[in-house]
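Structure first, then comments.
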2 protein chains.
Amino acid sequence: MTFRYELLRTDPSTGARRGTFHTPHGPVQTPGFMPVGTQGTVKGLTIDQVAGTGAEMILGNTYHLALRPGPETVRALGGLHAMFGWEGPILTDSGGFQIFSLKDINKITEHSVVFRSHIDGAIIDLTPERSIEIQEALGSDVAMVLDHVVALPAEPDEVQMAMERSIRWAERCLNAAGRSDQARFAIVQGGLDVPLRVQCARELSSMGFEGYAVGGLSVGEAPAEMYRITGATTPELPTDKPRYLMGVGRPVDLLESVMRGIDLFDCVMPTRNGRNGLAFTDLGPIKIRNAKHRHATEPLEPECPCLACTRHTRGYLRHLFIAGEMLGPILMSLHNLTYYQRLMQGAREAIEAGTLAEYVAEKKRGWGIS
Amino acid sequence: MTFRYELLRTDPSTGARRGTFHTPHGPVQTPGFMPVGTQGTVKGLTIDQVAGTGAEMILGNTYHLALRPGPETVRALGGLHAMFGWEGPILTDSGGFQIFSLKDINKITEHSVVFRSHIDGAIIDLTPERSIEIQEALGSDVAMVLDHVVALPAEPDEVQMAMERSIRWAERCLNAAGRSDQARFAIVQGGLDVPLRVQCARELSSMGFEGYAVGGLSVGEAPAEMYRITGATTPELPTDKPRYLMGVGRPVDLLESVMRGIDLFDCVMPTRNGRNGLAFTDLGPIKIRNAKHRHATEPLEPECPCLACTRHTRGYLRHLFIAGEMLGPILMSLHNLTYYQRLMQGAREAIEAGTLAEYVAEKKRGWGIS
């Protein structure tokens with residue numbers, strides 16, 4: 001098999017799993033976090049710096065890459081791996097979520113999603129088949145199926161209709177797929193309705209995808225709702241396939257979801273918050289622009305191995321942000337991605353040691369979360 | 001001696017020198033180029049990346065650092081070296097040139113330069129003594145004296161007055177200086193008037209500075225004028241001290257000036273042009289936004305060892321600029337600084353081999369300059 005999820009250990013006291021997802025571009029240790037390379041770059045970092053944080057797999061956004069530079073240019077430049085300069089595995093989303101977030105300018109029918117490019121206003125007709133075609137041109141290791149995302153809260157009818165359509169679209173994606181070196185991950189929809197989620201998970205599971213995602217969450221619902229839905233969905237998914245919670249989230253969301261059986265995550269939060277001057281640490285977030293850091297000679301986090309922490313002070317980082325220097329966002333993004341990778345590494349080690357619940361409790365104490 | 005310039009070889013057919021400038025933070029091989037860290041960072045690059053280009057000494061701008069974060073904050077953060085995270089030597093300018101470039105809002109008297117902060121509008125009274133005091137607080141290895149820069153073209157009287165004042169201010173700087181681990185470099189002024197330059201160089205040379213700069217050039221005059229003045233000034237300077245041409249310049253300017261006996265350079269051009277999408281190469285500049293690079297799979301420069309050239313294509317770099325991604329400016333700055341360092345390394349090797357004139361001629365052919 002080109003793609004294989006190897007389940008190494010299941011945590012007896014939670015639903016957490018320790019595994020390895022094997023891909024044509026190498027293995028990914030799970031639970032794992034994928035930095036987001038929206039437009040063909042993890043914002044502000046060289047690909048060596050991304051690798052240096054410990055990341056093993058990165059994400060590219062089909063919506064953005066399809067519009068600019070376009071799939072033909074990516075193909076001409078040798079595919080996504082060559083273009084990024086990244087030798088490890090890459091996952092691409094389907095474009096569905098970005099289109100969802102542009103919902104004022106799109107029309108969704110059973111056939112496709114029609115939307116306007118935010119770059120040049122061109123009308124684009126994205127079918128499930130076209131999404132797969134684009135992702136095959138991009139050449140990612142994992143292609144996500146096109147799904148129908150609805151904003152929450154939504155009427156039960158609308159949630160059910162979108163869930164059922166997402167299943168039909170998943171099947172169309174599977175039928176359209178041609179590359180043997182690309183896995184397809186299905187996406188479970190169903191809003192905050194457990195029976196719909198269960199039904200969707202079961203139907204998709206019977207279709208033989210290489211992996212399964214929980215989608216349509218982290219769209220405004222309370223964290224407890226997200227945990228509840230995740231926890232009700234994962235038991236319905238095959239144990240021998242990776243499970244990916246899309247677009248999540250805060251450090252605590254990652255740990256809560258790991259305990260509910262999630263293997264893979266992606267989120268712009270570490271880079272976006274880093275660019276905005278917020279650093280994640282074991283003692284909670286640090287707003288680096290705060291005047292109290294002006295003369296602070298300690299690093300963001302003493303035990304962190306990243307360049308920002310080993311070489312620089314909080315006072316210097318604050319100066320960079322106050323002066324509007326690019327290096328501020330660069331160093332904070334580097335720290336936050338390192339933080340997320342260390343958090344996942346700690347979770348993997350805790351699952352192996354059978355101490356995940358204690359690990360999570362300790363982290364939450366540090367963050368001041370009961 | 002804490003500071004020592006070791007003259008290793010003088011090129012018999014030009015005025016070029018191969019040397020080593022020894023400082024408390026290590027040696028600098030000359031001719032050498034100093035990247036500019038205006039506000040406490042070489043824009044867009046981590047300090048490891050700066051070191052990776054081959055740079056041995058960097059420059060900080062006293063004007064910018066004095067206003068923000070301020071000398072007391074730099075001192076609280078352990079001085080410039082600790083703040084930058086840079087273990088090699090650092091040179092700071094005096095603040096004079098930045099004030100010159102704000103000439104509409106400053107008043108220059110024999111006592112001082114009075115100007116308004118561009119950040120908060122505060123009135124600042126910068127005397128030669130205060131410039132040294134600030135630079136001692138910053139803790140650079142080399143402090144530049146405060147000089148009186150005039151815009152060119154200028155009336156002969158004004159040029160002479162400013163030159164004579166610069167000598168008096170240089171002496172005041174010398175008298176004010178207290179740190180034994182900081183060298184003072186004097187600055188030769190005199191506009192485009194060779195007799196004034198010669199007089200200034202001789203008077204300053206008799207005062208026993210640890211190094212000498214040629215200032216007030218690259219302010220709008222023709223390159224040939226700059227070369228003429230540089231070539232007339234360096235023979236008047238001590239052979240056992242380093243010579244620094246301030247704020248210069250294009251690759252050809254560096255080589256022409258090396259042939260006229262200059263040892264050190266600084267310029268924002270590699271980083272500023274890099275941020276704007278222009279790459280320096282042996283075949284002349286590349287404007288990376290040009291549509292012809294859309295599908296270009298070759299690197300900027302095949303033999304260049306920088307990350308942009310070893311890992312990425314011109315097509316990818318173009319995409320980053322078109323998409324407005326930070327990584328474009330980062331990679332182009334990295335390439336350009338690497339280019340400048342390689343150019344200087346090549347000049348050093350050519351001086352050692354006695355082939356500098358051929359080296360310069362070959363580079364100029366590649367650049368299309370006769």
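Values below: all heavy atoms of this structure, side chains included; hydrogens, waters and symmetry mates excluded. Lettering of chains follows the sequences in order, A, B, ..., and the numbering in each one begins at 1.
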Using the side chain to side chain contact (heavy atoms under 4.5 Å, CB included) rule, pick out the option among A:T73, A:T41, A:V74 that qualifies with B:Y316.
A:T41
Hey, could you give me the CH2/CZ distance between B:W86 and A:R311, rounded to the nearest 0.5 Å?
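B:W86 atom CH2 to A:R311 atom CZ measures 9.5 Å (nearest 0.5 Å).
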From A:H319 NE2 over to B:R68 CZ, what is the distance, rounded to the nearest 0.5 angstrom?
7.5 Å
The interface call for A:L320 against chain B, heavy-atom contacts under 4.5 Å, is side chain
Please flag which part of A:L307 lies under 4.5 Å from any non-hydrogen atom of chain B: side chain, backbone, both or neither.
side chain
Which one wins on heavy-atom pair count under 4.5 Å against chain B: A:I119, A:D48, A:L331?
A:D48
Mind ranking A:T38, A:I330, A:T313 by heavy-atom pairs under 4.5 Å with chain B and telling me who comes out on top?
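Option with the top pair count is A:I330.
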Where on B:A308 is there a heavy atom nearer than 4.5 Å to chain A: the side chain, the backbone, both, or neither?
neither
Bottom line for B:H312: the part with an atom under 4.5 Å from chain A's heavy atoms is side chain
Residue, of B:R314, B:M83, B:H64, that accumulates the most heavy atom pairs under 4.5 Å with chain A
B:M83
Within the supplied structure, the quantity of interest is the number of heavy atoms (other residues, nucleotides, ligands) at a distance under 6.0 Å from A:R272 CZ; does it exceed 12?
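Atom CZ in A:R272 is not packed in, count stays at 12 or less.
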Please check if atom CD in B:E298 has more than 12 non-hydrogen atoms from other residues, nucleotides or ligands closer than 6.0 Å.
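Counting neighbours around CD of B:E298, more than 12 heavy atoms of other residues, nucleotides or ligands fall under 6.0 Å, so yes.
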Over all atoms of both residues, closest heavy-atom pair of B:P329 and A:M326
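Taking every non-hydrogen atom into account, CB-CE, 4.2 Å.
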Minimum heavy-atom separation for B:Q39 to A:A323, with atom names?
NE2-O, 3.3 Å
Let's go through B:L327 and A:L45 carefully: what are the C-alpha distance in whole Å and the side-chain angles of both, what is the deciding distance for side chain to side chain contact (heavy atoms under 4.5 Å, CB included) to 0.1 Å, and is it a yes or a no?
CA-CA 6 Å; B:L327 188 58; A:L45 300 187; over 6 Å; no
Note, A:Q49 side chain near B:T46 side chain (heavy atom, < 4.5 Å):
yes
